[in-house]
Amino acid sequence: MDAKQLCSLPATDLSRLVRSGEVSPVEVVDAALERIEHLDPHLHAFVELTADRARQRAREIADALARGEDVGPLAGVPVAVKDLIATAGIPTRSGSRAYRDFVPDEDDVVVERITAAGAVVLGKTTVPEFGYSAVGHNPISPTARNPWNSALTPGGSSAGSGIAVATGMSPVALGSDGGGSVRIPAAHCGIYGFKASMGRVPLYPGCRDERYPGMSGWESLECIGPMTRTVDDAALMMSVLAGPDPRDRHSIPAGDVDWSTAAAGDVRGMRIAFSADLGYITVDPQVRAVVTDAVQAFRELGCTVEEVDPGWPDPHDTFWRLVVADTDLTGMRELAARYGNEMSPHLLDMLSRHWTAEQLTDAVMARKGVVNRMWRFMTDYDLLVTPTLTVPPFPVGMQGPEEVDGRIVPSSAWLGFTQPINMTGQPAASCPAGMTADGLPVGLHIVGRHLDDAAVLRASAAFERARPWAMRWPGMVEELTEAPMPTGAGVAP
């Protein structure tokens with residue numbers, strides 16, 4: 001099997017082929033690294049490529065298999081890891097000059113788990129500074145670019161992870177999602193992104209370690225999740241990632257979801273609430289049209305689909321105040337005093353504001369209102385389906401469009417569908433819904449009841465079977481993988 005074929009396979013197939021001995025894990029890793037060499041100089045998905053370490057890990061897995069050992073369900077599967085997720089011995093810079101020399105002495109829980117399951121870490125992927133943004137540029141590395149059109153953003157903050165999966169540089173990737181940061185780049189890159197229920201996947205040291213200002217925020221909002229080309233791959237990753245850990249006080253017991261079968265089964269009879277705008281969000285007409293058409297698939301699958309809005313007021317300001325409440329303002333203001341002229345302007349703006357206790361406690365109360373509206377609303381429905389984002393990918397270098405469908409909007413308003421779900425802690429996924437007239441991906445957002453992760457996966461898999469997307473590749477993948485290597489291009493090992 002040649003390198004191009006290997007880079008096109010889902011993780012479920014790769015792990016099976018590696019375990020059976022039909023493919024060597026060394027071949028798999030070499031194929032991924034070759035594709036990264038071809039594509040990443042154009043897209044900047046990776047900020048740290050650990051090629052030598054990955055090859056050594058692949059050889060160790062091959063040797064273990066030769067001895068007849070069980071190396072785990074992710075046997076030989078390459079994984080790209082977002083650069084907000086701690087990796088022992090590998091720099092974790094978080095897109096900030098303040099951490100440009102930071103090398104953690106411990107892995108994040110999720111890195112421990114994928115490594116124990118036989119995965120091979122390829123390297124760290126591009127993020128905006130500390131993840132306080134939903135795009136892919138930061139002060140210390142080249143701007144991440146959308147593989148469907150490199151003049152546009154891939155979305156963020158798991159920007160590089162989305163690019164890596166969309167182009168086959170890695171079959172799966174880890175992202176983190178505090179306001180949509182798995183689902184946003186999944187939508188803009190045309191892949192699948194899954195955010196589990198709050199506490200399903202434990203986090204530490206990310207969000208939890210008070211020693212690291214900037215890296216220790218978002219505790220009440222953040223989730224780590226898989227970014228994949230198929231729903232089955234996401235379920236496979238969740239079988240490894242999920243389960244409690246004493247280092248995360250928010251983590252919840254395991255056992256209520258059988259990840260091996262969660263994506264299987266019929267959706268006939270499911271009750272689905274569909275809202276194209278939640279009653280208050282300005283949505284690009286092409287996005288509205290693509291998602292409205294995609295929802296028809298659920299009717300064809302035997303679901304009951306009702307157009308209805310949950311009915312809460314726009315929680316945009318509430319969300320960002322919750323982010324501030326989760327932030328180490330003292331520590332980050334000290335960083336700003338040292339690195340101010342080298343930090344992202346939107347971060348400096350947040351840190352320079354005088355936040356009152358009432359603003360932050362009012363946000364906590366408003367969050368409770370959203371949560372209560374949502375659980376009451378969901379008693380009548382199995383799923384809520386919306387667009388993932390209000391707009392298709394837009395030009396790099398901006399935080400978000402300030403005009404949508406002829407209306408002036410805040411530059412973060414395009415995130416209006418994803419952020420409330422971090423406030424409620426519900427499971428949610430972004431599926432590729434279709435393409436705009438310009439050939440840009442649009443995401444379909446599927447939200448489940450609290451703790452009903454299986455329903456989200458089952459509905460996602462049913463939609464995937466009805467509207468297959470996994471073999472739809474950006475044109476540049478075909479063009480660049482067939483072209484000669486660019487002279488002098490590459491990523492530092």
Side-chain angles (χ1 to χ4, degrees), residues 39 42-45 80 82 125-128 131 133-138 143-170 173 175-195 225-229 234 281 283-284 286-291 294 386-401 404 409 411-419 421 428-446 460 469-470 472-477:
L39 296 179
H42 305 270
L43 298 173
H44 311 302
K82 182 178 182 177
T125 59
T126 305
V127 297
S133 172
V135 289
H137 58 272
N138 66 56
T143 297
R145 295 181 176 272
N146 194 302
W148 296 89
N149 181 334
S150 61
L152 307 179
T153 182
S157 62
S158 307
S161 288
I163 298 165
V165 174
T167 56
M169 287 191 266
S170 182
S176 59
D177 190 314
S181 290
V182 162
R183 294 161 287 155
I184 294 160
H188 271 181
C189 292
I191 62 171
Y192 185 70
F194 182 73
K195 182 196 86 69
M227 303 175 72
T228 64
R229 294 196 63 82
I281 297 176
V283 179
D284 179 272
Q286 286 200 80
V287 169
R288 185 185 290 267
V290 168
V291 171
T386 71
T388 305
L389 302 169
T390 73
V391 291
F394 49 83
V396 298
M398 55 194 295
Q399 292 298 323
V404 176
V409 296
S411 61
S412 56
W414 62 290
L415 311 173
F417 293 109
T418 59
Q419 291 170 344
I421 310 308
S430 181
C431 302
M435 311 292 280
T436 67
D438 297 330
L440 298 175
V442 173
L444 179 76
H445 196 214
I446 301 176
S460 299
W469 65 69
R472 184 191 299 149
W473 295 90
M476 71 180 307
V477 172

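From a predicted model like this one, the values you see are computed outputs, not experimental measurements.
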Enquirer: If I take atom NE2 from residue H44 and atom OG1 from residue T143, how far apart are they, to the nearest 0.5 angstrom?
Expert: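 Reported value, rounded in 0.5 Å steps: 7.5 Å.
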
Enquirer: I need the minimum non-hydrogen distance between A234 and Y192, along with the two atoms involved.
Expert: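 Answer, listing the atom of A234 first, then Y192: CB-CE2, 3.6 Å.
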
Enquirer: Supply the atom-to-atom distance D438 CG to N149 CG, rounded to the nearest 0.5 angstrom.
Expert: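 Here the interatomic distance stands at 8.5 Å.
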
Enquirer: Taking the side chain as every heavy atom from C-beta outward, state whether D284 and P392 have any pair of such atoms under 4.5 Å apart.
Expert: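 Yes, close enough: below the 4.5 Å cut-off.
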
Enquirer: For the residue pair L43 and M476, establish whether any side-chain heavy-atom pair is separated by less than 4.5 Å.
Expert: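 Sidechains of M476 and L43: in contact.
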
Enquirer: Please step through side chain to side chain contact (heavy atoms under 4.5 Å, CB included) for the pair T228 and F194, ending with a clear verdict.
Expert: CA-CA 9 Å; T228 64; F194 182 73; over 6 Å; no

Enquirer: To check you understand the geometry: which heavy-atom pair defines the closest contact between D177 and V182, and what is its length?
Expert: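 Answer, listing the atom of D177 first, then V182: OD2-N, 3.2 Å.
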
Enquirer: Does any non-hydrogen side-chain atom of V396 lie less than 4.5 Å from one of H137?
Expert: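 A side-chain contact is absent here, since even the closest heavy-atom pair is not under 4.5 Å.
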
Enquirer: When rounded to the nearest 0.5 angstrom, what distance separates CZ in R183 from CD1 in I421?
Expert: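 One gets 7.0 Å once the value is rounded to the nearest 0.5 Å.
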
Enquirer: So W414 and V404, do their side chains get closer than 4.5 Å, heavy atoms only?
Expert: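 Sidechains of W414 and V404: no contact.
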
Enquirer: Looking only at heavy atoms, what is the nearest atom pair of A45 and M169, with distance?
Expert: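 Heavy-atom minimum between the residues: CB-CE, 3.8 Å.
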
Enquirer: Minimum heavy-atom separation for A144 and I163, please, with both atom names.
Expert: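 Of all heavy-atom pairs spanning A144 and I163, the closest is CB-CD1, 3.7 Å.
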
Enquirer: Answer whether the closest heavy-atom distance between the side chains of V442 and T436 falls below 4.5 Å.
Expert: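 Yes - at least one pair of side-chain heavy atoms lies under 4.5 Å apart.
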
Enquirer: Can you tell if the side chain of H188 reaches within under 4.5 Å of the side chain of P441, non-hydrogen atoms only?
Expert: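 The answer is no; the side chains never approach within 4.5 Å.
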
Enquirer: Side chains of L440 and Q286: does their closest heavy-atom pair fall under 4.5 Å?
Expert: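 No; the side chains remain at least 4.5 Å from each other.
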
Enquirer: N146 side chain to W148 main-chain N or O, any donor-acceptor pair under 3.5 Å?
Expert: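 Yes: the side chain of N146 pairs with the backbone of W148.
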
Enquirer: Under a 4.5 Å cut-off applied to non-hydrogen side-chain atoms, are C189 and V165 in contact?
Expert: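 Side-chain contact under 4.5 Å: no.
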
Enquirer: Where the side chain of W469 meets the backbone of R229, is there a donor-acceptor pair that is under 3.5 Å apart?
Expert: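 Side chain of W469 to backbone of R229: a pair is present.
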
Enquirer: Taking only residues two or more places apart in sequence or in another chain, which ones pass side chain to side chain donor-acceptor pair (under 3.5 Å) with T388?
Expert: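 Counting only residues at least two positions away or on another chain, T388 forms a side chain to side chain donor-acceptor pair (under 3.5 Å) with S430.
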
Enquirer: Check T167 against P147 and note the closest heavy-atom contact, atom names and distance.
Expert: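 Shortest heavy-atom separation between T167 and P147 comes out as CG2-CB, 3.5 Å.
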
Enquirer: Distance-only criterion, 3.5 Å: show the donor-acceptor pairs between side-chain atoms of residues 151-160 and protein atoms not counting sequence neighbours.
Expert:
from	atom 1	to	atom 2	distance (Å)
T153	OG1	G155	N	3.0
S157	OG	K82	NZ	2.6
S157	OG	S181	OG	3.0
S158	OG	K82	NZ	3.0
S158	OG	S176	N	3.2
S158	OG	S176	O	3.2
S158	OG	S181	O	2.8

Enquirer: Might you point out which heavy atoms bring V287 and T390 nearest each other, and give the distance in Å?
Expert: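 Looking at all heavy atoms of both residues, the closest pair is CG2-O, 3.8 Å.
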
Enquirer: State the CZ-CD distance between F394 and Q399, to the nearest 0.5 angstrom.
Expert: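 Interatomic distance, F394 CZ to Q399 CD, rounded to 0.5 Å: 8.0 Å.
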
Enquirer: Can you list the residues that meet the salt bridge (charged side-chain N to carboxylate O under 4.0 Å, His left out) rule with R288, with sequence neighbours excluded?
Expert: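 Salt bridge (charged side-chain N to carboxylate O under 4.0 Å, His left out) check on R288 returns D277.
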
Enquirer: Can you check side chain to side chain contact (heavy atoms under 4.5 Å, CB included) on V291 and T386, steps first, answer last?
Expert: CA-CA 7 Å; V291 171; T386 71; over 6 Å; no

